[in-house]
Amino acid sequence: MTGVTEPTLPAELGPDRPAVQLAPRLAQFAAVARLEHVTQAAELLGVPQPTLSRAVSRLEAELGVDLLARQGRTVRLTRAGRLLLASVERALAEVERGAEAARAEADPQTGRVAFGFLHTMGTDAVPALLRDFRRAYPQVRFQLVQDYVGAMLDRLRAGELDLCLVSPLPDGDPALAARRLDEQRLFLAVPADHRLAGRRRIRLAEVAEEPFVGLERGYGMRAITDGFCAEAGFAPRIAFEGEETETLRGLVAAGLGVALLPPALVPRPGVVELEVTAPRTRRVIGLAWAPGRPVTPPVAAFRDFVLSRRGRLLAHD
């Protein structure tokens, strides 16, 4: 089919593969080809001229073609040499770009941090955290990822993320380390016309027969909700599942169920938040990373900064 670009496949690697055999000498060949002078190319590369001459000769021998037509101290590319040089220049340019990208990633002042966090942290806590960190490191770049806990921890194990702000903390996984940062109270959100809306405090067991709205399985808040309900002696009857806590508040306001949620930053019309006295409905929020994996200076600086905010990550009630 015309107009379709074929994907670039990685070169095969092995002791007898061209990429492995030829790669060490391609930059030397490119220098000779650009300058059309072996001595000048040797000076550019900082190698003895005989060493460079032998390297290019070995390259020709391995390919089985003449790449250069020698005329005294100067050389001219053969047709085969021109064909090879075009590909070599593209490959060397890609290597240069890759090296620059790798160096930029680890630059202490301008490097990149891949940071994952809970959706519920994205409206207030994380923006404040980033703002305060950028005062000391104004040029550090961030790749921000919001997802449910299970997906973020998978990406952390795979090396796609450097750090994750999670709840609950991973437990018993040797591939992950975590530090407790703060604790957040969870309230029972009920419709404004609910039979319990006039109360300030309740026991969770008092809504054992009520329909619940909750996040989908895999979300940390869903596991936490199920756990607290189990402590109260019942399994929640989930009537609706969603992916955002604000969606759940809307469902509560519509009278479709009750929900265990973090406090709203702005009061939601039609929703009343009740303090739960039993069990103690608080969730632990912490920072997770993969121990033993090398970290770049910007990642180390941000991790240390976040850990220094222990007990001050959230606004306390």
Item to check | Donor + acceptor pair across side chains of Q49, S53 (<3.5 Å) | outcome: yes

Next on the checklist: Tell me whether R237 contacts the main-chain N or O of E209 through its side chain, where contact means a donor paired with an acceptor under 3.5 Å.
Outcome noted: yes

Next on the checklist: Take a 6.0 Å sphere around CZ of R131 and say whether it holds more than 12 heavy atoms from other residues, nucleotides or ligands.
Outcome noted: yes

Checklist outcome for this item: Between A205 and A232 the two heavy atoms that sit nearest each other are CB-O, 3.8 Å

Next on the checklist: Side-chain heavy atoms nearer than 4.5 Å, only ILVMFWY residues, links allowed to pass through others: does that put L26 and V95 together?
Outcome noted: no

Checklist entry - Do the side chains of R112 and T296 get nearer than 4.5 Å, heavy atoms only? => result no

Next on the checklist: Apply side chain to side chain donor-acceptor pair (under 3.5 Å) to residues S57 and R54 and explain how you reach the verdict.
Outcome noted: CA-CA 5 Å; S57 295; R54 287 194 296 270; over 6 Å; no

Checklist entry - Hey, what do you get for CD1 (I238) to CG (D226), rounding to the nearest 0.5 Å? => result 6.0 Å

Next on the checklist: Please determine whether the number of non-hydrogen atoms from other residues, nucleotides or ligands lying under 6.0 Å from atom CG of D304 exceeds 12.
Outcome noted: yes

Item to check | Contact check, side chains of L181 and L165, non-hydrogen atoms, under 4.5 Å | outcome: yes

Checklist entry - To the nearest 0.5 Å, how far apart are CG in L260 and OG1 in T245? => result 12.0 Å

Item to check | Heavy-atom closest pair, residues P269 and A253 | outcome: O-CB, 3.7 Å

Checklist entry - Between the side chain of T277 and the main-chain N/O of R201, is any donor-acceptor distance below 3.5 Å? => result no

Item to check | Any donor-acceptor N/O pair, E244 side chain to H119 backbone, under 3.5 Å | outcome: no

Checklist entry - Looking at E210 and R195, does any basic side-chain N land under 4.0 Å from a carboxylate oxygen? => result yes

Next on the checklist: So, taking the atom named OG1 in T78 and the one named CG in D66, what distance separates them when rounded to the nearest 0.5 Å?
Outcome noted: 6.5 Å

Next on the checklist: With clusters defined by side-chain heavy atoms of hydrophobic residues (ILVMFWY) lying less than 4.5 Å apart, directly or transitively, does F228 cluster with L261?
Outcome noted: yes

Checklist entry - Does some side-chain heavy atom of R283 sit less than 4.5 Å from a side-chain heavy atom of M221? => result yes

Checklist entry - Counting N and O atoms only, with roles assigned by atom type, does the side chain of R76 sit under 3.5 Å from a partner on the main chain of E36, one being a donor and the other an acceptor? => result no

Item to check | Heavy-atom check, side chain of L153 versus side chain of V166, under 4.5 Å | outcome: yes

Checklist entry - Going through the distances and angles, do L45 and Q28 end up as a side chain to side chain contact (heavy atoms under 4.5 Å, CB included)? => result CA-CA 8 Å; L45 297 176; Q28 297 167 321; 4.0 Å; yes

Checklist entry - How far apart are the C-alpha atoms of R222 and E241, what are their side-chain angles, what is the distance that settles it, and do they pass the salt bridge (Lys or Arg N to Asp or Glu O under 4.0 Å) test? => result CA-CA 9 Å; R222 175 62 180 272; E241 292 182 327; 2.7 Å; yes

Checklist entry - Nearest heavy-atom pair of L274 and A197: which atoms, and what distance? => result CD2-O, 4.3 Å

Item to check | Shortest non-hydrogen contact between P191 and G257, atoms and distance | outcome: CD-O, 3.9 Å

Item to check | Heavy-atom side-chain proximity of L256 to P211 below 4.5 angstrom | outcome: no

Checklist outcome for this item: Looking only at heavy atoms, the pair that brings P174 and P291 closest together is O-CG, 4.2 Å

Item to check | Parallel, tilted or perpendicular, as decided by the 30° and 60° cut-offs, for the rings of F115 and F117 | outcome: tilted

Next on the checklist: Rounded to the nearest 0.5 Å, what separates atom CZ in R312 from atom CG in D182?
Outcome noted: 10.0 Å

Item to check | Working for ring-ring contact (aromatic ring centres under 6.0 Å, His included), residues F305 and Y137 | outcome: CA-CA 11 Å; F305 174 78; Y137 297 88; 8.6 Å; no

Next on the checklist: For a quick test of reading the model, state the closest non-hydrogen atom pair linking C229 to P236 and the distance between them.
Outcome noted: CB-CD, 3.6 Å

Next on the checklist: Within the 4.5 Å heavy-atom criterion, are F29 and L77 side-chain neighbours or not?
Outcome noted: yes

Next on the checklist: Determine whether V306 and L163 satisfy the following criterion, side chain to side chain contact (heavy atoms under 4.5 Å, CB included), listing intermediate values before the conclusion.
Outcome noted: CA-CA 10 Å; V306 175; L163 303 165; 5.6 Å; no

Next on the checklist: R97 vs E100, test: salt bridge (Lys or Arg N to Asp or Glu O under 4.0 Å). Steps then yes/no.
Outcome noted: CA-CA 5 Å; R97 279 192 286 272; E100 286 300 322; over 6 Å; no

Checklist entry - So, are R103 and D107 salt-bridged, with charged N and O less than 4.0 Å apart? => result no

Checklist entry - Is a side-chain donor or acceptor of T74 paired with a backbone partner of H37 at a separation under 3.5 angstrom? => result no

Checklist entry - Is any side-chain N of the basic residue among R34 and E89 closer than 4.0 Å to the acidic one's carboxylate O? => result yes

Checklist entry - Which is it for R268 and V252 under the side chain to side chain contact (heavy atoms under 4.5 Å, CB included) test, yes or no, and what are the steps along the way? => result CA-CA 10 Å; R268 178 71 179 257; V252 172; over 6 Å; no

Next on the checklist: Between the side chains of R280 and E231, is the shortest nitrogen-to-carboxylate-oxygen separation below 4.0 Å, so that they form an ion pair?
Outcome noted: no

Next on the checklist: I'd like to know if W289 and V299 are part of one continuous hydrophobic network [Ile/Leu/Val/Met/Phe/Trp/Tyr, side-chain heavy atoms within less than 4.5 Å].
Outcome noted: yes

Item to check | Minimum side-chain heavy-atom gap Q146-V126 below 4.5 Å | outcome: no

Next on the checklist: Test of understanding: clusters of I, L, V, M, F, W, Y form through side-chain heavy atoms closer than 4.5 Å, transitively. Do L68 and L35 belong to the same one?
Outcome noted: no

Checklist entry - Going from CE on M121 to OG on S167, what distance comes out if it is rounded to the nearest 0.5 angstrom? => result 8.0 Å

Next on the checklist: Distance check, rounded to the nearest 0.5 Å: T110 atom OG1 versus E105 atom CD?
Outcome noted: 10.0 Å

Next on the checklist: Would a single hydrophobic cluster contain both L161 and I285, if residues Ile, Leu, Val, Met, Phe, Trp and Tyr are joined by side-chain heavy-atom contacts under 4.5 Å?
Outcome noted: yes

Checklist entry - Does a salt bridge link D162 with R303, judged by any charged N lying under 4.0 Å from a carboxylate O? => result no

Item to check | From CA spacing to verdict: side chain to side chain contact (heavy atoms under 4.5 Å, CB included), V207, F212 | outcome: CA-CA 9 Å; V207 291; F212 272 70; 3.9 Å; yes

Next on the checklist: Do L176 and R157 make a side-chain contact, defined as non-hydrogen atoms from C-beta onward lying under 4.5 Å apart?
Outcome noted: yes

Item to check | Atom CZ of R79 with >12 non-hydrogen neighbours under 6.0 angstrom | outcome: no

Checklist entry - Passes salt bridge (Lys or Arg N to Asp or Glu O under 4.0 Å), E60 versus R25? Steps please. => result CA-CA 10 Å; E60 291 178 311; R25 288 184 276 280; over 6 Å; no

Checklist entry - Parallel, tilted or perpendicular: which describes the rings of F302 and F133, with under 30° parallel and over 60° perpendicular? => result perpendicular

